[in-house]
*Asks:* 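I am attaching a structure below and will ask some questions about it afterwards.
Because the structure is predicted, anything quoted here is derived from the model rather than measured.
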Amino acid sequence: MYTQGLDAKTEQGAQPSPRLVTEQDAALQGRFQERVDAEEKIEPRDWMPEGYRRTLVRQISQHAHSEIVGMLPEGNWITRAPTLRRKVALLAKVQDEGGHGLYLYSAAETLGVSRDELVGQLLSGKAKYSSIFNYPTPTWADIGAIGWLVDGAAIMNQVPLCRCSYGPYARAMVRICREESFHQRQGYELMLALAQGTPEQKRMAQDALNRWWWPSLMMFGPSDDQSAHSAQNMAWKIKRFSNDELRQRFVDATVPQAEFLGLTIPDPELRFNAETGHYEFGAIDWTEFNEILKGNGPCNRERIEARRKAWDDGAWVREAATAHAAKRKQRALKKAG
Amino acid sequence: MSTDLKEALFGYTLRLGDTSLVLGHRLSEWCGHAPELEEDIALTNVALDLVGHARMLLTYAGELEGKGRDEDRLAYRRDVFDYRNHLLVEQPNRDFGHTIVRQFLHDAWAVELYERLCASTDTTLAGIAAKAVKEVRYHVRHSGDWLVRLGDGTDVSHAKVADALGRLWPYTGEMFERDEAEQALVAAGIVPDPADLKAAWTARVEAVLEDATLDRPADGWMQKGGRRGEHSEHLGYLLAEMQFLPRAYPDATW
């Protein structure tokens with residue numbers, strides 16, 4: 001799940017280096033921008049500005065990492081799903097996320113980086129992933145809330161990416177969005193079963209909404225005036241809508257869904273403005289968001305440790321597979337020779 | 001179908017369903033933690049298939065029993081001594097090599113079984129087998145390929161799977177046990193003869209072990225009890241985890 005929160009501040013990678021702007025570059029840049037403006041897709045072998053390439057590598061790989069790390073909070077409930085139908089649905093969902101990670105790493109590889117390198121950046125803590133996955137999933141209702149809210153927010157961000165100027169990313173997103181919207185409906189249906197269930201189940205659902213609401217709003221990233229790369233990414237058509245526009249869209253779509261569930265959004269300032277036709281909501285606590293980005297979220301350490309453990313524990317397996325492939329090749333050569 | 005035969009078929013179907021469920025559960029514990037992304041997806045696929053088989057089998061078992069128990073009632077509201085799975089599949093994952101050995105020993109049995117069950121005189125069971133066999137054919141190829149890679153990989157991987165094979169071999173005898181009830185099912189053409197299964201399983205396992213440069217362990221003492229509800233200590237923890245929500249909220253529907 002991609003979050004625009006990731007393209008905020010700190011990293012300078014997206015700025016084209018001034019020394020590159022020679023006359024020839026300017027001509028290439030001009031042609032590139034014309035193609036983007038004409039809604040042509042940029043493909044891996046096409047010329048592209050270095051900043052464009054770097055921005056995409058960063059964004060696509062962060063998106064891939066988010067899918068992989070995102071398997072953990074939901075995977076936490078696979079062995080405890082309360083019915084076999086729910087167990088199968090959750091397994092399939094988490095598996096889809098692994099699949100999304102795969103296509104996204106492949107899309108990033110078209111830009112000249114290897115998956116091993118990108119995974120290395122995740123494990124070393126250099127690369128970011130969506131902060132939302134640093135929150136815990138203590139109850140079963142969290143599985144519903146993640147599907148409904150987190151996937152719901154991800155869809156708002158991702159649907160416009162299906163029209164991203166970079167072809168491989170746009171095509172990967174088409175497939176991902178289809179699956180995400182299925183997950184979102186599944187999550188909502190799970191919440192509905194809880195909301196219509198026993199008082200204890202309803203309490204579980206409300207508790208999950210209380211914990212996931214604000215983090216879901218933060219998934220859209222800082223306000224437009226705080227977002228570092230917005231203007232350039234818009235011009236490159238990597239980004240189509242501002243963080244605030246998408247956040248508003250999400251709130252407008254989600255509030256009536258919460259009402260239908262009979263649950264209360266944890267925001268006393270939330271109200272519908274009949275004039276604008278939009279919901280107005282309270283101020284977001286960006287201190288919490290920034291602390292999580294710094295590594296101080298409730299599960300930052302556990303998530304990365306789990307990924308590192310899987311990688312380290314699997315080292316002998318990967319080595320064995322490589323050794324076996326080499327032996328087979330050797331034997332085939334011997335046979336042929 | 002006579003009442004005795006029906007009861008025998010209930011026991012048989014329950015055993016298959018429990019075995020699929022417990023193994024699917026064990027594999028699902030890997031989701032998000034496998035040695036590489038492709039393998040994470042593959043193990044989850046197998047887990048999904050197995051839980052899918054369990055659902056069909058437990059649903060059918062509930063119908064045969066005729067006491068109104070559905071798949072979830074059977075999966076979530078029985079204690080250890082009412083579970084009928086093979087002891088092999090409840091053994092914990094330990095490492096990836098152990099998981100692969102356990103899976104291969106099971107898959108080699110399951111593929112031979114389902115191939116034969118497709119011809120069962122019981123049309124429901126034959127229908128379930130026809131669906132399952134396509135998936136199980138893939139499972140045995142997947143686990144067999146990995147066993148060869150690990151056995152014929154590095155010294156480390158060879159030692160790990162050789163150790164797992166030694167640990168798990170004593171649990172394989174149970175798959176071919178037969179009792180009076182099963183005898184009657186064999187006679188009625190509903191299920192295959194365990195002796196045939198054992199011969200086919202042995203041939204399959206020996207071929208893969210040879211490719212994997214692994215020695216076949218000797219058939220010594222075999223651990224038994226799963227089909228009578230006598231399990232290892234591991235199953236209780238697995239069920240405690242799996243059954244937590246329905247046990248904690250007995251009136252809830254999910």
*Asks:* Of all the heavy-atom pairs spanning A:L91 and B:A47, show the shortest one and how long it is.
*Replies:*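 For A:L91 and B:A47, the tightest heavy-atom pair comes out as CD1-CB, 4.1 Å.
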*Asks:* Name the region of A:L194, side chain, backbone, both or neither, that has any atom closer than 4.5 Å to a heavy atom of chain B.
*Replies:*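 A:L194 touches chain B through side-chain heavy atoms alone.
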*Asks:* Considering only heavy atoms, which portion of A:L190 lies under 4.5 Å from any heavy atom of chain B: side chain, backbone, both, or neither?
*Replies:*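 A:L190 has no heavy atom closer than 4.5 Å to chain B.
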*Asks:* Check each atom of A:L72 against the heavy atoms of chain B and say whether the ones under 4.5 Å are side chain, backbone, both or neither.
*Replies:*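 Contact with chain B: side chain only.
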*Asks:* Which bit of A:M191 is near chain B, if near means a heavy-atom gap under 4.5 Å: side chain, backbone, both or neither?
*Replies:* neither
*Asks:* To check you understand the geometry: which heavy-atom pair defines the closest contact between B:C31 and A:V94, and what is its length?
*Replies:*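 Where B:C31 meets A:V94 most closely, the heavy atoms are SG-CG1, 3.4 Å.
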*Asks:* Checking heavy atoms, do the side chain of B:A75, its backbone, both or neither come under 4.5 Å from chain A?
*Replies:* side chain
*Asks:* At a heavy-atom separation under 4.5 Å, does B:L238 approach chain A through its side chain, its backbone, both, or neither?
*Replies:* neither
*Asks:* Put together the list of donor-acceptor pairs under 3.5 Å connecting chain B with chain A, please.
*Replies:*
unit_1 : atom_1 : unit_2 : atom_2 : d
B:H25  : ND1    : A:K87  : NZ     : 3.1
B:G32  : O      : A:R307 : NH1    : 2.6
B:P35  : O      : A:R318 : NH1    : 2.8
B:E38  : OE1    : A:R115 : NH2    : 2.7
B:E38  : OE2    : A:R115 : NH1    : 2.9
B:E38  : OE2    : A:R115 : NH2    : 3.4
B:I41  : O      : A:Q95  : NE2    : 3.0
B:N45  : OD1    : A:Q95  : NE2    : 3.3
B:D72  : OD1    : A:L84  : N      : 2.9
B:Y76  : OH     : A:A81  : O      : 2.8
B:Y76  : OH     : A:T83  : N      : 3.4
B:Y76  : OH     : A:T83  : O      : 3.3
B:D152 : O      : A:H324 : ND1    : 3.0
B:D152 : O      : A:K327 : NZ     : 3.4
B:D152 : OD1    : A:K327 : NZ     : 3.2
B:D152 : OD2    : A:H324 : ND1    : 3.4
B:D152 : OD2    : A:R331 : NH1    : 3.3
B:D152 : OD2    : A:R331 : NH2    : 2.8
B:G153 : O      : A:K327 : NZ     : 2.9
B:E241 : OE2    : A:T79  : OG1    : 2.4
B:T253 : O      : A:Q201 : NE2    : 2.8
B:W254 : O      : A:R86  : NE     : 2.7
B:W254 : O      : A:R86  : NH2    : 2.7

*Asks:* Measure across B:P246 and A:P82 and return the closest heavy-atom pair with its distance rounded to 0.1 Å.
*Replies:* CG-O, 3.4 Å
*Asks:* To check you understand the geometry: which heavy-atom pair defines the closest contact between A:A320 and B:L150, and what is its length?
*Replies:* CB-CD2, 3.9 Å
*Asks:* For B:E63, which residues count as a side-chain hydrogen bond (donor to acceptor under 3.5 Å, both in side chains) partner, sequence neighbours excluded?
*Replies:*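 side-chain hydrogen bond (donor to acceptor under 3.5 Å, both in side chains) list for B:E63, sorted by chain: empty.
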*Asks:* Non-hydrogen atoms of chain A under 4.5 Å away: do they reach the side chain of B:L43, the backbone, both or neither?
*Replies:*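 The answer is neither part of B:L43.
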